[in-house]
Amino acid sequence: MLLIACPYCGNRPETEFRCGGQAHIARPADPAALSDEQWSGYLFVRDNPRGVHAERWNHVHGCGRWFNALRDTVSDRFLETYKMGEKPSRTESTEAGSTPVKSTQAEARA
Amino acid sequence: MLEALYRTARALPLGRAAADPARSGIVIQPAGAEARFALRVRDPGASAAGLPLDGPINSVRGDDRRWIARLGPDEWLIGCDEAEADHLPAAIAADLGERAHAVVDVSHRNVGIDVSGPLAAAALNAGCPLDLGEAAFPAGSATRTLFGKAEIVLIRRPGPEPRYRVECWRSFATYVHGLLVEASLGVGETARR
Amino acid sequence: MAQPFRLSRGGRIDRTRPVRFTFNGRTVEGFHGDSVASALLANGIHLVGRSFKYHRPRGILSHGPDEPSALLSVDRGPGRIDPNNRASVVEARDGLKTLSQNHWPSLEHDIGAVNDLLSPVFVAGFYYKTFMWPRTFWDKVYEPFIRAAAGLGKAPAVPDPDRYANRHAHCDVLVVGAGPAGLTAALAAARTGKRVILADEGPEPGGALLHDVTAEIDGRPAAEWLSATLAELDSRENVVLLPRTTAFGYYNHNHVALAERVTDHVANPGTAPRERLWQVRAGEVVLAGGSHERPLVFADNDRPGILLAESVRVFLNRYGVAPGRRIVFATSGASAYAAALDAKAAGLAVTLVDLRTEAECGPELARLKAAGVEILTGHTVVGSKGTKRVTGLIVAPVDRAGRCGPRRVLDCDCVGMSGGWTPAVHLFSQSRGKLAYDERLDAFLPGTSAQAERSAGAAKGTYDLAEVLKEGFAAGAAAAGSDERKSFTASPTLTGFKPVRAMPTDADPTKVRAFVDFQNDVTAKDIKLAVREGFHSIEHVKRYTTTGMATDQGKTSNMNALGIVAGQLDKTLPGVGTTTFRPPYTPVTFGTLVGPARHALFDPIRTTPIHEWAEAQGALFENVALWRRAWYFPKAGEDIHAAVARECEAVRKGVGIFDASTLGKIEVVGPDAAEFMNRIYVNPWLKLEVGRCRYGLMLKEDGYILDDGVVARIAPDCFHVTTTTGGAPRVLAHMEDYLQTEWPDLKVFLTSTTEQWAVIALQGPKAREVIAPLVDGIDLSPAAFPHMAMRTGTICGVPTRLFRVSFTGELGFEINVPSDHAKAVWEAIWEAGQRHGITPYGTETMHVLRAEKGYIIIGQETDGTVTPDDVGLAGMIAKAKKDFVGKRSLARPDVVASGRKQLVGLVTDDPKLVLDEGAQIVDDPGQPIPMRMLGHVTSSYWSPNCSRSIAMALVADGRALQGRPLHVTTPEGFAQVTVVDPVFFDPKGERIHA
């Protein structure tokens, strides 16, 4: 079970969350202006990287907030979580880090 | 005769029977009829209707009879006496003025169960995956979380004694209460004997 | 004489507390503190089972969790029979019944032992090679045969009556293993004040210190040091010490699963759960799980009485049991010398055979010689004698080239063998850490960490006691964020061994059976054969030969198997690699994993405030999502058809009462509420008047229908939204998602009110008459309160949001009242309705009535690929809206293309035939297979009001096929149907406005 740092509540167990797939895909302002191909790209086409992936998570059984996270799809490590509308502090696709995850709920809240 | 039912005889799903399973040191007590409101507002200010809105997320303020738990950046759960229920939304609205907000009566949606005793946290941890230790979940904490397969709001009442309020939705109350009772049976028994 | 092999003194057993249990019906006496294995050995019982494939007599190999052979069924009463318990870890206690497995008619005389004579047949891959042809034999002959032969022990036949508990726990430092390394780790961590959990699978913490009777730590006997250490740990409130608790799974982000065996060792458990699953989230983990000894691979190395050398030592010192009186130790390393010294000290006849030459040995040689033990260095073991108990070990001198000299038989009744040590890296590997091969130690050790953990002691390949203590302390301190270090003085440990894969032999290696994997009866020649046949990957060899599989997962066998494969392939060990270590480390009961989630606690069973009333009325219930809904209300003698027919008729002719409380409800509030609704639903909302309702249809962004429901405008800035029963959480999540992530500028708040409001649906021509006397503050007249209106007032004095809506096509009301008052209101309506013949109806009748009207049900007429137009609801779409969720997709090429499946009605030529829902539809049943399928039946019922069967279906271009005959599959063949409009009853819809 993953440990996920909700930007509002701190570290919480995975079961309180729901994953919402790839992040930073804004709904087009004027969908009618899009070609079929552009629209299907928005609807269906997603990245599936081996490595760092920006994805949406919802703390559905907690504060209810949606937020974004950078997760390494190989190690399942979360590099960072940040609120909706914010940008991650790291932009490069960092190599799967070797620093072990260390945190308890208590520490995240401290 | 039927008119008299309103506000006087709510048929609570769990009744009021307390369980102290096998003298385990845990008292599980379904709460009586209370009023609850879900308050949503984005720029809350300091308080409304005397209820503080500036507490941190996942904290509760007030006392056993009138409390407000902040569950998210713009969400609070309020508990109070039924007698106050008719006036509270208007009082909150008056204090919030022009600020967009929602006060929704959820008195009948929510069921409260009070859990106390030295092993209360251990019993709650049978279904709740959170760290309920002193540092992580001190008195005055409140959060939405899970208890087994049910969503709950878990409140640790202010004060040195471990006293918790579990709030769940009405139709989950039988399950939540049942799992609490089951979890408290032999909760203090260990393999070390 | 009882316990003839019990030593007169020594051991950690309590000789004042005798215990009695049975083994195959025979009473066995032991002492409190015994394992079943030690008690059996105390009574001279070595033969405890038959091997899996060859049914060879097998004994007790080990004292610990790695035991592959001594697997017993443990019977603690009805429903409490567990197969495949390791005798070495089951604690002896009064009343226990143990049974050996895998034999018939008895352990002593086993017909299956004929397999042993046929062993040349049962080579690696026997099943794959044999059970191939003819194909007709696969399921009739081979499968039953294999199933009958497979498996060990019998599963219990009745439900498990025990209780199982679950506990989520958090700590700063979790220490796995309470041997010397784990103890000092816990000590160091505990002294920092951090929260520590120390778990050990044994009944008593101490690990190897429990049987090391000669070692000293810091100038005092190890046992004294152990007591003092435990006392300190016990005195600290920040330490949780869990004996009888196995850490069996290491998951993501330091989530470690432990199985605590709470009561198996006590006769009267009381209210305590049998076992408890601990789900520990640890800041840091210290892995101090020790190591496993390797057997030696030589011909007939599996006879009862042949044990691991360290296990002989454990039985002697910890349990005060002599596994034999004449013990031969066979070894390629130093640690067996310690066992031999202790055996000698216990007064037993001891000989030691060492594969190593004198020059290769360390100080252990001189010490054992000084004790007066005969030592044969430079000797190999080429076989053993005996059948149900070893009677002799056949040894021979061997030179550097592996040539054997003359054989010699060493008479004995017990052999202690040691082929070196394998650190228990299971949990480290499960944590996704990378293993590193250490040639000096001939072992895979924890290498690069993937999580916040560290290993210490023998689990890390450190075997010297002083080093182990120091390393454990350092690991515990570091895990707790302290840089404190501590050195210990301790007696030197005899370490070092010469790796050997299979003992050199003078026999034809293709003829002898030298077991590598005792549990699966895999021999060295099986593994060599597999490699010759082309299985070069260790994962393939494992599956082909079954080495390393089953309950012990190869704890004793993996390194030997790996070494043999490497030898055959002329590769290094790291070149071959290891198989994957997966949870659980040792077997875990299903009960522990399931915990309290059984029966009523398996899943929440959601019931409405009306549930008890419906139960009292004899309703049958059906599951809808987690809800239990009244399905129908049979009267005496009625089946479902009769009851539903009566209920259907009652609604159309009089009045029916239905519990619709499970409908999802969401209060949408805020100045931008109408704009939000406009974006979420296909319908227009801005101009909906307060007090009016609208049937809302909601799409996903892909244009397919997500949910539907009636929505009422309570106030300009407040909507009362209803959803389907099953869709409530999904719809709320969908709305929240858009609100938070796409339109955070909208001032709108969503609150689930599903359970705040109970909903009493009153449907039928007499509905108004029934509630009229109960309602206050609402003008119920048709002109003042038309269809699709909502009014607030009171009913029976209870505040209500009264909807005039209908899912039946009749005049109807949905009475929303606060849940805790719902039963009283329901009963008042029930009372008032008696003179109108009020009839309660359930979900089945609700389904039929709506189907008569052609109303769709989400999830029945829709399946996530259905657009509004597909189900004839394109008219709901607000054409003037520039955008709403899903709008753009309605112009997608595949959505506008012809040939889409459209909702139609079907009537069967035979009016009595009720089609199967899901049945496929074709045009011409005479066409060749595979036929072109036009669609499927989505709903099908007997309609009492139409006096015939009716069905709805999704059919390609169906609306253009009105009046056309089609054919639908039935269990008896094709049935002819005619395509019709899906509204079967009151097509003009006049009744609803009554």
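Residue numbers start from 1 in every chain, and the chains themselves are labelled A, B, ... in the order their sequence lines are given, proteins ahead of strands. Since this is a predicted model, take the numbers as computed values, not measurements.
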Side-chain contact, heavy-atom cut-off 4.5 Å: A:R56 with C:D737? yes
At their closest point, which heavy atom of A:D36 faces which heavy atom of C:A891, and how far apart are they? OD1-O, 3.9 Å
Find the distance between CG (A:D76) and CD (C:Q451) and round it off to the nearest 0.5 Å. 9.5 Å
Are any side-chain N or O atoms of C:R888 and backbone N or O atoms of A:P31, one a donor and one an acceptor, separated by less than 3.5 Å? yes
Would you indicate whether C:K747, at its atom NZ, is surrounded by more than 12 heavy atoms from other residues, nucleotides or ligands within a distance under 6.0 Å? no
Region of A:I4 that comes under 4.5 Å of a non-hydrogen atom in chain C: neither
Could you tell me if the side chain of C:R892 sits less than 4.5 Å from the side chain of A:L43, heavy atoms only? yes
Answer yes or no: does atom CG of A:D30 have more than 12 heavy-atom neighbours from other residues, nucleotides or ligands under 6.0 Å? yes
Sub-4.5 Å side-chain heavy-atom contact between A:M84 and C:P744: no
Which atoms of A:W39 are under 4.5 Å from chain C, going by heavy atoms: the side chain, the backbone, both sets, or neither? side chain
Are there over 12 heavy-atom neighbours, none belonging to A:K87, within less than 6.0 Å of that residue's NZ? no
Is it the side chain or the backbone of C:K882 that comes within 4.5 Å of chain A heavy atoms, both, or neither? side chain
Is there a side-chain contact (heavy atoms from CB on, under 4.5 Å) between A:L3 and C:R281 once you walk through the steps? CA-CA 9 Å; A:L3 190 65; C:R281 184 77 73 172; 3.6 Å; yes
Polar side-chain atom of A:R18 near backbone of C:A733 as donor-acceptor pair, under 3.5 Å: no
Could you check whether any side-chain N or O of C:E736 sits under 3.5 Å from a backbone N or O of A:G64, counting only pairs where one atom can act as donor and the other as acceptor? no
Any chance you could measure A:R27, atom CZ, to C:E742, atom CD, to the nearest 0.5 Å? 7.0 Å
Among A:G20, A:G85, A:S35, A:S40, residue most engaged with chain C (heavy-atom pairs, under 4.5 Å): A:S35
Proximity breakdown for C:E701 and chain A, heavy-atom pairs closer than 4.5 Å: both
Do the side chains of A:E14 and C:H253 get nearer than 4.5 Å, heavy atoms only? no
Please round to the nearest 0.5 Å and tell me the distance separating atom CZ of C:R432 and atom CZ of A:R77. 11.5 Å
Counting heavy-atom pairs under 4.5 angstrom with chain A, the leader among C:D702, C:V885, C:T741 is C:T741
